[in-house]
Amino acid sequence: MDQKGYRRESFQSTTSDEDMLEVAGASMDFSMADDDPPLDREMGGFSSYNGGGMNSTSTMMDFLEEPLPGVGTYEDFNTIDWVREKSRDRDRHREITNRSKESTWALLHSVSDAFSGWLLMLLIGLLAGSLAGLIDISAHWMTDLKEGVCLAGFWFNHEHCCWKSNTTFTDRDKCPEWKSWSQLILGHGEGAFAYILNYFMYVIWALMFSLLAVLLVKGFAPYACGSGIPEIKTILSGFIIRGYLGKWTLVIKTVTLVLAVSSGLSLGKEGPLVHVACCCGNILCHLFTKYRKNEAKRREVLSAAAAAGVSVAFGAPIGGVLFSLEEVSYYFPLKTLWRSFFAALVAAFTLRSINPFGNSRLVLFYVEFHMPWHLLELVPFILLGIFGGLWGAFFIRSNIAWCRRRKTTRLGKYPVLEVFVVTAITAILAFPNEYTRMSTSELISELFNDCGILDSSKLCEYVNDFNSTKGDDLPDRAAGPGVYTAMWQLALALVMKVFITIFTFGMKVPSGLFIPSMAVGAIAGRLLGVAVEQLAFYHHDWAIFSGWCSQGADCITPGLYAMVGAAACLGGVTRMTVSLVVIMFELTGGLEYIVPLMAAAMTSKWVADAIGREGIYDAHIRLNGYPFLEAKEEFSHKTRAMDVMRPRKNDPPLTVITQDSMTVEDVETIVSSTTYSGYPVVVSRASQRLVGFVLRRDLIISIENARKKQDGIVSTSVICFTDYCPPLPPSSPSVLKLRSILDLSPFTVTDETPMEIVVDIFRKLGLRQCLVTHNGKLLGIITKKDVLKHIAQMANQDPNSILFN
Amino acid sequence: LFPQAPRMFAQNSRNSASPVLLLVLLGCVLCPPAQASKSSEDIRCKCICPPYRNISGHIYNKNVSQKDCNCLHVVEPMPVPGNDVEAYCLLCECKYEERSTTTIKVIIIIYLSVVGALLLYMAFLVLVDPLIRKPDPYTQPLHNEEDSEDTRSLAAVPVPAGARANTVLERVEGAQQRWKRQVQEQRKTVFDRHKMLS
């Protein structure tokens, strides 16, 4: 088989890539490529998608033609046929409804079929919530393991270790049960040697965790690396990647996510949590026939599972559903909306009952203040939006450049070494600065926190004037020396995080992007907030402040600036709109801050879009060459279908199969000499009038099965795709009827159809290929890959970068 | 009319029985942590009192129930004389917190055992497995990076594709071989040819 099959001038889409399993000729053992259990011999009776359930003919021969296992499934790295899957589901549903009138058992069966979707959502929510709780608790513990150990029970992290003992007001972290490594080894925690020992242990633990993570990924489940969201977007648009949502990927991703987060690398766990939740969804689908056998229904379930994933990551069920709708899903029927919400709620509730952070909070950085803001503060908020947009565009450009370098040069040959070096650099640079030493979630939590009299962290070290304190309402105060120290440390942390995240995202460990971007934005926001606060305090007589910020009033909340900054940066990188605002206001628990959040998110999206069109996930999809047909962009060129279709002018004519004049041998020759994934069936070569379309995989399976099981099928048997086969002389071998695998309603367009309409049809209907006719005769074929290449060509990108089918 | 119908119903009832079983199992697993043991070491009332006049700030912990979680019950000994108590208590903030040590212990132990099991399995596959198998020049070690051996390794399937593996051991070995081939394919796609996830 041609090694570079996808590069040559192919008429129709090529099959899965070169060295996947041998398809033509050899006996198909497709169970090797599946993560599904081997197909059993039983399959519901609905393989034909041209209308009725079973075939409408009444001959004895057809009765024995029950659908074969394997017919109607797809190969790896292929696109599904949405139309076929949807009509199969409708047939199945119709069958069940019709039969439900016959007996009580059938009625119960139809009721249970209707409820199976809800039961599946419940199970997905439970499993996703439990796994998220496990990830949270383990990551929390392992992060603290880098600094010390709890003598009261090694499974306690720092906070829980000191839970019972009385800590002092200023030193809330110290308690006798928690020993740092230098205290454990040397017996005391002070002095230069103890500091160096702590430093050393920190780096060693970080390296151990990340090395373990990358070795586990490489050894057991290579698909578990990266964020997962670009691939899930592609899968949900109809692509098949076998093993990407399998059991081993789930286990390894969960385990290595904890390790990667604990090693102090600049990555988050939200993106990988979406992957974990989708794996749960895919695995649980196998329990229900309705979802196991139908790829389109399965993708509905995966959309809901993605919503549950974001819901447990942020404690935001509504935000999760909107994220799934906006970012991840391709076709999102309204029925899925309600079910996704249910799954997200169940997941959030399960996580809440596991209570990973105490106090029944779902996320570490929950915001609890509700201070009002003033209209004039919109100016700094919009500034933060601009910063977020600029940073987002910068990050996307540099990260894609680095990932491309990893993909094409020798850097990509040493993934373990790369992880080692990046972890070493991160750990060595992170330890001296206390704001990079703590885990990024804790940093965000501290930055979001509004300083009250009960806080004693460095960031809250303001000059207190006790005579004017009334209860909990603190006025704006002058910054003490602690705040100034914190400011320059935070500035250094900002610079470090901006640069190290570029090299971290995309490494061969599970890595998410939400937390680092929120951290960058929160640091920038807090810096700006403290600056504005001090400006208002020292110059409260200026015109802009005198109206609303008199002396002694509490007008500026730096915590709010941090939050707005986080939203701006996250929006700049991912280009989320509604879902971002909803997630952020679900984090705060109130609607007071919706206007600042929206202002910042909108500004950052506009600024970032002005610099570069794509968000990070779309950019990674394009980098990897996934066959993802972008649904949001307009195709605005004036080409026509005849410019894109295959065969082109100088190519040999279209490979077709005739409806009743080809023998088994002819068809086998065609199938083995070409690599197209399907063939049109015409009445005869002379007339080229279209009968239907048949898929390669179905042909191979049916012919092999017929040779083994049916009597009298030999190489000279005629294959007949029609209802009534032409009569043959009695000495000829028996006819092989293959009407049941023929798609009698392939989509056709004429050659003069504008490509805008063709692209729209592909998008809206989810087609894989579309036949082109001229004056009623079959002229050529357009596949999804041709459409993608054409779009890339029109946008002056490299059309050969579309790798997969 | 539909000869497959009884078989299909049996299959579907089998399929709908297993999710119910799974649900029951999940419930049993999740219930104990959810009804967390309200043992005395898992609840506390934490009162934070800021610096007041010449008294420094202090944090008080006591395990009392939620209705007793206020400044008067928890702050002992009271650092201010009787008439100042109310002003002092107004500044203090008391919160009732609970946690479940059992959940934490169980989850960390589960996690560590999974990691340990994976490490052992990896060590087994790298070190022990090549030794106990027949020294076959066509079988590949766990971490390989060459394309050319691919077709040969496919040809070295010990059990022919059509035959039914009879004993449990043979079936397990067949499944393991399949899984190893899958992982090799994935590794080639991601690490060697950089077709995905780069």
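Below, each value reflects all heavy atoms present in this structure, side chains not excepted, and no hydrogens, waters or symmetry copies. Only a predicted model underlies this, so the values are computations on that prediction, with no experimental measurement involved.
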Side-chain heavy atoms of B/L118 within contact of A/L216, under 4.5 Å: yes
Which atoms of A/I252 approach chain B - backbone, side chain, both or neither, heavy atom under 4.5 Å: side chain
Side chain, backbone, both or neither of A/S165 within contact of chain B (heavy atoms, under 4.5 Å): backbone
Euclidean distance, A/L623 CG relative to B/H194 NE2, rounded to 0.5 Å: 11.5 Å
Inter-residue atom distance B/Y111.OH - A/T254.OG1, 0.5 Å rounding: 9.0 Å
Flag side-chain contact, heavy atom, 4.5 Å: B/M196 against A/Y626: yes
From A/F77 atom CZ to B/K195 atom NZ, the distance as rounded to the nearest 0.5 Å: 5.0 Å
Derivation and outcome, side chain to side chain contact (heavy atoms under 4.5 Å, CB included), residues B/I104 and A/N157: CA-CA 10 Å; B/I104 296 176; A/N157 63 0; over 6 Å; no
Considering all heavy atoms, the nearest B/V183-A/G219 contact: CG1-O, 3.6 Å
Portion of B/V190 that has a non-hydrogen atom of chain A nearer than 4.5 angstrom: both
Rounded distance [0.5 Å steps], CG in A/L134 versus OG1 in B/T103: 11.5 Å
Per-residue contact mode, B/C92 against chain A (heavy atom under 4.5 angstrom): neither
Residue part contacting chain B, namely of A/M142, when any heavy atom lies under 4.5 Å: side chain
Minimum side-chain heavy-atom gap A/V258-B/V115 below 4.5 Å: no
Student check: side-chain heavy atoms of B/L112 and A/F154 closer than 4.5 Å: yes
Min side-chain heavy-atom separation A/L215-B/L119 under 4.5 Å: no
Straight-line distance of B/I108 CD1 to A/W141 CH2, nearest 0.5 Å: 5.5 Å
B/F124 atom CZ, neighbour heavy-atom count above 12 within 6.0 Å: yes
B/R99 (side chain) donor-acceptor with A/H160 (main chain) under 3.5 angstrom: yes
Point-to-point distance, once rounded to the nearest 0.5 Å, from OG1 of A/T249 to CD of B/Q186: 5.5 Å
Within-4.5 Å side-chain heavy-atom neighbours: B/K46 and A/W163: no
Side chain to side chain contact (heavy atoms under 4.5 Å, CB included) evaluation trace for A/Y244 with B/L197: CA-CA 11 Å; A/Y244 197 74; B/L197 289 164; 3.8 Å; yes
Exceeds 12 heavy-atom contacts within 6.0 angstrom, atom CD of B/Q176: yes
Side chain, backbone, both or neither of A/L212 within contact of chain B (heavy atoms, under 4.5 Å): side chain
Top of B/S56, B/C49, B/A87, B/G57 for chain A proximity - count of heavy-atom pairs under 4.5 angstrom: B/G57
Most contacts with chain B, counted as non-hydrogen pairs under 4.5 angstrom, among A/E231, A/R406, A/H620: A/E231
Beyond-backbone contact of A/W155 with B/V106, side-chain heavy atoms, under 4.5 angstrom: no
Derivation of the side chain to side chain contact (heavy atoms under 4.5 Å, CB included) call for A/F156 and B/K105: CA-CA 8 Å; A/F156 285 127; B/K105 191 161 36 162; over 6 Å; no
B/L169 CG: over 12 foreign heavy atoms closer than 6.0 Å: no
Side chain proximity check, A/F220 to B/L125, heavy atoms < 4.5 angstrom: yes
